[in-house]
Amino acid sequence: MNFYIGIDFGTSGGRLVITNIKGQIYGEAETPFPASSSPDEWPSIWKTTLFDLIAQIPLELRRQTQAIAIDGTSATALLCDYQGKPITSPLLYNDGRGAEMMAQLKAIAPANHPVLSATSSLAKLLWWEHHHSELSISFQPLYFLHQADWLGFLLHGKLGISDYHNTLKLGYDVIHLCYPSWLTNQVNCESNRLKLKLPKVVAPGTPISAITSEIAEQFNLPKHCVVCAGTTDSIAAFLASGATSPGEAVTSLGSTLVLKLLSHTPVNNARYGIYSHRLGNLWLTGGASNTGGAVLRAFFTDEELETLSEQINPNLSSPLDYYPLLKKGDRFPINDPELPPRLEPRPENSVEFLHGLLESIARIEAQGYQLLQQLGATPLTQVYTAGGGAKNQVWARMRERYLQVPMVKPIHTAAAYGAARLAMQNR
Ligand code: ADP
């Protein structure tokens with residue numbers, strides 16, 4: 001039998017899923033990152049985690065593995081020498097040091113571009129350029145890579161290759177499939193003391209190369225096993241759901257509320273933090289609201305959420321009109337940094353209060369999908385749900401009332417499974 005491996009590097013650790021060609025899971029592994037570590041240790045921790053995950057797969061499955069794909073946290077970046085050795089500490093997905101580069105970013109990038117954020121890959125690249133002397137970064141050509149690119153390199157040995165999901169926030173033009181001149185002019189500028197090599201970009205899932213002979217030997221993987229271009233963790237989680245057609249969406253009910261809708265047309269709107277990733281000939285558009293499970297957790301335990309939800313009649317609408325937030329401000333579907341949390345009036349009865357909270361979040365979700373459609377996205381046809389709130393069937397019924405489309409159970413919600421689906425493209 002042929003097997004396919006998907007590996008996910010999330011915020012707290014690595015996960016692996018191995019499937020057959022039909023997508024049936026034959027094995028799973030999980031390795032948490034150590035609780036405390038210094039930034040210069042991260043690359044070695046990631047390498048150990050990657051190797052540890054592969055070593056956990058039963059030998060007979062490893063021997064028949066055909067392809068591997070890896071996803072990493074979006075905009076986690078590294079600078080490497082010509083041997084792929086990181087020459088300074090990586091900058092993680094949420095590292096906001098690039099805030100000091102915003103003026104330079106705004107001067108070079110088009111208005112509303114996804115690179116215009118303190119945490120974007122390009123903000124990190126510019127930050128490294130700006131600080132290279134105090135970081136003792138030498139002037140030799142250096143490879144700029146994302147976490148997933150570098151982890152793939154450890155398996156296939158080809159340096160300087162990425163995919164168009166990881167490079168969106170670096171400025172790669174996903175419509176024309178090239179780096180725009182405003183970016184290459186900046187990176188190749190004569191006055192730059194740092195000589196950087198931007199990664200060559202291919203479509204996620206593209207076979208890059210067979211694994212190195214050392215990796216084949218070390219893990220008893222077949223020599224012909226290919227490593228495919230990866231993706232980001234949130235796109236891998238979308239792919240895991242099984243959504244493939246325009247109009248299909250995945251709502252993530254985690255600490256925050258995240259919507260992703262597959263569309264014929266891209267939708268980009270910086271005001272609401274909306275941007276689109278290319279997915280073959282389609283576009284994955286979406287937005288994220290600060291409302292969500294973190295607010296529920298401020299009032300209820302997970303057990304209370306379950307028992308109290310069972311007492312709600314989801315077919316009756318709640319008269320309570322909240323905007324549940326932990327602190328002021330939201331961006332999508334309402335862009336207002338001063339938007340106050342609205343949690344009044346609060347009824348004495350906890351069931352009624354929870355009903356109001358769940359229904360209000362459902363209303364915000366529906367408003368989010370309406371906004372995406374108003375901005376040109378393909379109309380919603382069905383919604384898959386991921387995250388901690390996905391198990392709440394009472395909530396699903398309430399949401400269905402607002403969304404007016406069927407709620408569908410995802411095939412899987414783990415990003416590693418989505419990465420395995422990418423690897424499976426190469427059967
Ligand atoms: P994160 O975004 O932090 O990864 P998870 O996907 O793990 O979040 O989901 C955790 C959230 O799920 C919590 O904030 C919690 O309020 C919410 N949650 C857990 N159980 C339920 C439930 N039965 N109904 C609604 N929400 C729930």
Side-chain angles (χ1 to χ4, degrees), residues 8-15 17 28 30 32-33 35 71-74 76 92-94 119 232-241 243 249-260 273 286-314 318 320 322-327 330-332 341 343 350-366 368 383-403 407 409-419:
D8 162 55
F9 272 70
T11 52
S12 56
R15 287 187 67 176
V17 167
E28 289 182 78
E30 199 167 349
F33 297 143
D71 70 76
T73 44
S74 175
T76 293
L92 288 195
Y93 61 99
N94 58 354
T119 55
T232 62
D233 55 350
S234 60
I235 296 187
F238 179 88
L239 296 175
S241 70
V250 176
T251 296
S252 175
L253 300 173
S255 302
T256 57
L257 171 73
V258 184
L259 314 187
K260 287 201 166 68
S289 166
N290 292 335
T291 193
V295 188
L296 300 178
R297 215 169 238 174
F299 296 103
F300 302 104
T301 63
D302 285 3
E303 293 71 41
E304 285 169 336
L305 286 174
E306 249 170 68
T307 51
L308 296 174
S309 293
E310 280 165 16
Q311 298 170 55
I312 297 172
N313 180 348
S318 163
L320 300 164
Y322 299 145
Y323 201 103
L325 292 172
L326 285 182
K327 55 182 178 112
D330 207 1
R331 187 155 184 204
F332 172 91
L343 292 159
S350 300
V351 177
E352 282 173 29
F353 182 46
L354 179 62
H355 191 169
L357 287 170
L358 296 178
E359 184 135 343
S360 298
I361 297 174
R363 214 178 291 122
I364 296 166
E365 178 190 15
V383 176
Y384 300 80
T385 310
K391 58 180 174 288
N392 190 327
Q393 289 311 307
V394 171
W395 200 2
R397 175 66 201 118
M398 277 181 221
R399 293 166 53 222
E400 202 171 21
R401 254 197 295 122
Y402 280 96
L403 296 171
M407 311 297 282
K409 195 171 156 33
I411 301 179
H412 211 291
T413 55
Y417 185 79

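In each ligand, atom 1 is the first atom listed, and ligand 1 is the first ligand listed. Here the structure is a predicted model, which means the values were calculated and not measured. In this chain, numbering begins with 1 at the start of the sequence shown.
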### Task
Mind telling me whether His412 and Tyr417 have parallel, tilted or perpendicular rings, with 30° and 60° as the class edges?
parallel
### Query
Taking the side chain as C-beta and beyond, is there a heavy-atom pair between Asp8 and Val17 under 4.5 Å?
no
#### Entry: Test side chain to side chain contact (heavy atoms under 4.5 Å, CB included) applied to Glu365 and Leu259, step by step
CA-CA 8 Å; Glu365 178 190 15; Leu259 314 187; 3.8 Å; yes
Between the protein and ligand 1, are there any N or O atom pairs that come within less than 3.5 Å of each other, and if so, what are their names and distances?
| from | atom 1 | to | atom 2 | distance (Å) |
| --- | --- | --- | --- | --- |
| ligand 1 | 2 (O) | Ser255 | N | 2.9 |
| ligand 1 | 2 (O) | Ser255 | OG | 3.4 |
| ligand 1 | 3 (O) | Ser255 | OG | 2.6 |
| ligand 1 | 6 (O) | Gly388 | N | 2.9 |
| ligand 1 | 8 (O) | Ser255 | N | 3.4 |
| ligand 1 | 9 (O) | Gly388 | N | 3.1 |
| ligand 1 | 14 (O) | Gly293 | O | 2.9 |
| ligand 1 | 14 (O) | Ala294 | N | 3.4 |
| ligand 1 | 16 (O) | Gly293 | O | 2.8 |
| ligand 1 | 20 (N) | Lys391 | NZ | 3.2 |
| ligand 1 | 24 (N) | Asn392 | ND2 | 3.0 |

### Task
Compare all side-chain heavy atoms of Ile312 with those of Met398 and state whether any distance is below 4.5 angstrom.
yes
### Query
Between the side chains of Asp233 and Thr73, is a donor N or O closer than 3.5 angstrom to an acceptor N or O?
no
### Query
For the residue pair Phe9 and Tyr93, is the inter-centroid distance of their aromatic rings smaller than 6.0 Å?
no
